[in-house]
A.B. asks: 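Got a structure for you, questions after.
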Amino acid sequence: MSDDRMRGDKLLCEVFKSSRKEQMYLYVDKRQGLVEVPEALLEQFGKPLPAMTLILTPEKSLGRARATDVMAAIRDKGYYLQMPPAKEDYLLDLHRTPTEARD
């Protein structure tokens with residue numbers, strides 16, 4: 001992206017939540033919206049549900065990503081996709097029946 005406004009140390013970011021996958025989020029430049037996000041990704045993501053708008057700075061604390069990584073991805077490709085966290089093995093056991101868990 002060649003927009004000079006994206007070269008500074010601040011980025012107005014809009015975050016969308018996936019309608020299909022829990023804890024999956026898409027970060028984009030608010031001014032650009034979803035125009036840079038590939039259609040194939042949007043099909044997998046489902047309907048983007050607005051979650052929040054925030055100002056990203058390199059010092060900003062985010063839950064599962066570094067703000068500098070998010071900002072770099074948005075500047076380079078127009079979006080940052082935050083995947084759901086990996087499930088721990090012990091959590092996967094909760095979805096098995098009692099006899100399956102003993103196998």
A.B. asks: Can you name the residues that form a ring-ring contact (aromatic ring centres under 6.0 Å, His included) with F45, not counting sequence neighbours?
C.D. replies: none
A.B. asks: Working to the nearest 0.5 Å, report the span between NZ of K60 and CG of L54.
C.D. replies: 5.5 Å
A.B. asks: So which atom in L11 and which in R31 form the shortest heavy-atom distance, rounded to 0.1 Å?
C.D. replies: CD1-NH2, 4.3 Å
A.B. asks: Once you round to the nearest 0.5 Å, how far does SG of C13 lie from CG of D29?
C.D. replies: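 Spacing of SG (C13) from CG (D29) equals 8.0 Å.
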A.B. asks: For the atom pair CD (E39) and CD (Q44), what is the distance rounded to the nearest 0.5 Å?
C.D. replies: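 E39 atom CD to Q44 atom CD measures 11.5 Å (nearest 0.5 Å).
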A.B. asks: Provide the closest heavy-atom pair for T53 versus E14 in the form atom of the first, atom of the second, distance.
C.D. replies: OG1-CG, 4.1 Å
A.B. asks: As an exercise, state the distance from NZ of K10 to CG of L56, rounded to the nearest 0.5 Å.
C.D. replies: 12.0 Å
A.B. asks: Tell me whether L41 is reachable from V28 by hopping between hydrophobic residues (I, L, V, M, F, W, Y) whose side-chain heavy atoms are closer than 4.5 Å.
C.D. replies: yes
A.B. asks: Pairs under 3.5 angstrom only: tabulate donor-acceptor contacts from the side chains of residues 63-70 to other protein residues two or more places apart or in another chain.
C.D. replies:
{"unit_1": "R64", "atom_1": "NH1", "unit_2": "Q23", "atom_2": "OE1", "d": "3.3"}
{"unit_1": "R64", "atom_1": "NH2", "unit_2": "Q23", "atom_2": "O", "d": "3.1"}
{"unit_1": "R64", "atom_1": "NH2", "unit_2": "M83", "atom_2": "O", "d": "2.7"}
{"unit_1": "R66", "atom_1": "NH2", "unit_2": "T68", "atom_2": "OG1", "d": "3.4"}

A.B. asks: Given the rule that I, L, V, M, F, W and Y join up when any side-chain heavy atoms are under 4.5 Å apart, are M52 and Y25 in one cluster?
C.D. replies: yes
A.B. asks: Within the structure provided, determine whether E22 and P84 are in side-chain contact (heavy-atom separation under 4.5 Å).
C.D. replies: no
A.B. asks: Would you indicate whether the side-chain heavy atoms of L34 and L26 approach each other to under 4.5 Å?
C.D. replies: yes
A.B. asks: Find the distance between CZ (R20) and CD (E43) and round it off to the nearest 0.5 Å.
C.D. replies: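 Rounded to the nearest 0.5 Å, the CZ-CD separation comes to 8.0 Å.
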A.B. asks: For M71 versus D9, what's the shortest heavy-atom pair and its separation?
C.D. replies: CE-O, 3.7 Å
A.B. asks: Looking at F16, Y79, Y80, which hits ring-ring contact (aromatic ring centres under 6.0 Å, His included) with Y27?
C.D. replies: Y80
